[in-house]
Amino acid sequence: MKNRLKLLVCAAAAVLMIPSCSKSQYILYENDITSKVYFPAAESNPLISVSQDDLDENGCYQISIYNAGNNSDEVTVNVAVDENALNIYNVENEAGYQLLPEKYWSLEQTSFTMDTEDHYQTYLPVKLDIAQFKADGLNPADYVLPLSLTADSSTNLTFDYKTVYITFTL
């Protein structure tokens with residue numbers, strides 16, 4: 001009799017829990033995952049060391065920008081030099097980097113439209129003049145180019161991976 005009562009109570013509890021596990025709730029959650037835009041390189045180390053061999057035929061270094069998520073909404077993402085991020089990096093890492101002078105770099109494009117379907121990844125071309133930097137005799141250990149992402153909605157950014165720091169290897 002005791003075992004039948006336990007079995008009956010367990011069965012009743014299981015029946016009561018079934019509505020809380022409905023598939024429609026799961027699907028609603030799955031479709032609500034917002035796209036997140038970030039620099040994949042920042043996941044392992046936001047400090048990117050670039051040499052002359054890393055540049056393409058136009059003198060550009062290509063940095064990947066990724067849009068992850070389950071929806072296909074378009075996201076407009078912008079890239080800009082972020083001196084404030086450099087200051088924070090210097091404090092947090094007890095570093096003394098200076099902002100790379102503008103004559104040694106240029107951004108060919110600063111705005112990208114991405115979705116999670118066909119355009120989930122794009123490349124930011126950063127033109128770097130490593131040869132002139134070397135000819136001017138500057139110490140590469142002193143300079144960095146901090147690039148940060150901004151999006152049309154701050155909810156679309158992965159804040160831990162929204163900034164990369166480019167340094168030169170001569």
Side-chain angles (χ1 to χ4, degrees), residues 29 32-170:
Y29 171 75
D32 283 346
I33 297 175
T34 305
S35 295
K36 293 293 182 183
V37 180
Y38 62 97
F39 287 117
E43 289 182 280
S44 58
N45 184 2
L47 199 59
I48 301 171
S49 183
V50 178
S51 72
Q52 190 70 41
D53 294 336
D54 297 321
L55 304 181
D56 65 16
E57 63 278 355
N58 299 317
C60 291
Y61 182 74
Q62 304 289 330
I63 301 175
S64 176
I65 301 171
Y66 196 79
N67 183 20
N70 282 348
N71 63 37
S72 60
D73 291 341
E74 284 189 349
V75 176
T76 299
V77 63
N78 298 300
V79 180
V81 174
D82 191 345
E83 193 168 1
N84 188 49
L86 175 59
N87 294 334
I88 292 169
Y89 183 89
N90 280 336
V91 170
E92 289 179 349
N93 295 284
E94 298 180 6
Y97 289 114
Q98 298 174 47
L99 183 62
L100 183 67
E102 197 170 334
K103 77 182 223 176
Y104 301 109
W105 62 268
S106 66
L107 299 178
E108 308 250 325
Q109 183 177 353
T110 59
S111 185
F112 304 88
T113 300
M114 304 171 67
D115 58 36
T116 54
E117 297 291 324
D118 297 330
H119 302 100
Y120 63 90
Q121 184 173 11
T122 191
Y123 292 92
L124 165 68
V126 182
K127 190 166 181 110
L128 300 169
D129 193 348
I130 296 175
Q132 185 61 49
F133 185 86
K134 185 176 181 178
D136 289 347
L138 298 175
N139 182 0
D142 293 339
Y143 296 94
V144 72
L145 179 61
L147 299 173
S148 289
L149 298 170
T150 58
D152 50 2
S153 169
S154 63
T155 59
N156 291 108
L157 290 177
T158 302
F159 285 96
D160 292 340
Y161 307 129
K162 73 173 192 145
T163 303
V164 291
Y165 306 88
I166 298 177
T167 63
F168 288 159
T169 302
L170 303 181

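Not measured: the values here are computed from a predicted model. Numbers here are sequence positions counted from 1.
- For residues 94-103, the salt bridge (charged side-chain N to carboxylate O under 4.0 Å, His left out) pairs, not counting sequence neighbours, are Lys103-Asp136.
- A side-chain N or O of Ser111 and one of Asn78 form a donor-acceptor pair less than 3.5 Å apart.
- For Asp54, the salt bridge (Lys or Arg N to Asp or Glu O under 4.0 Å) criterion is met by no residue, not counting sequence neighbours.
- To the nearest 0.5 Å, atoms OG1 (Thr158) and OH (Tyr66) are separated by 11.5 Å.
- Put simply, the side chain of Phe133 does not reach to within 4.5 Å of the side chain of Leu128, judged on heavy atoms.
- In plain terms, the two heavy atoms of Thr163 and Ala42 that are nearest each other are O-CB, 3.7 Å.
- Counting only distance, with no hydrogens or angles, the side chain of Asn139 and the backbone of Ala141 share a donor-acceptor pair below 3.5 Å.
- Taking the side chain as every heavy atom from C-beta outward, Val81 and Leu147 approach each other to under 4.5 Å.
- A 4.5 Å side-chain heavy-atom check between Ile63 and Val79 finds every atom pair outside the cut-off.
- Side-chain contact check for Ile48 versus Thr167: every heavy-atom pair is 4.5 Å or farther apart.
- Pairs of residues two or more places apart, or lying in two chains, that qualify as ring-ring contact (aromatic ring centres under 6.0 Å, His included) and include a residue from residues 83-102 are Tyr89-Tyr165.
- With sequence neighbours excluded, the residues forming a side-chain hydrogen bond (donor to acceptor under 3.5 Å, both in side chains) with Gln62 are Asp56, listed by chain and number.
- Here Phe39 pairs with nothing under the ring pair (Phe, Tyr, Trp, His ring centres under 6.0 Å) rule; sequence neighbours left out.
- To the nearest 0.5 Å, atoms OG1 (Thr76) and CE (Met114) are separated by 10.5 Å.
- Between the side chain of Trp105 and the main chain of Leu145, no donor-acceptor pair closer than 3.5 Å is present.
- Scored by the side-chain hydrogen bond (donor to acceptor under 3.5 Å, both in side chains) test, Glu43 finds no partners at all (sequence neighbours excluded).
- In this structure the side chain of Leu99 reaches within 4.5 angstrom of the side chain of Pro146, judged on heavy atoms.
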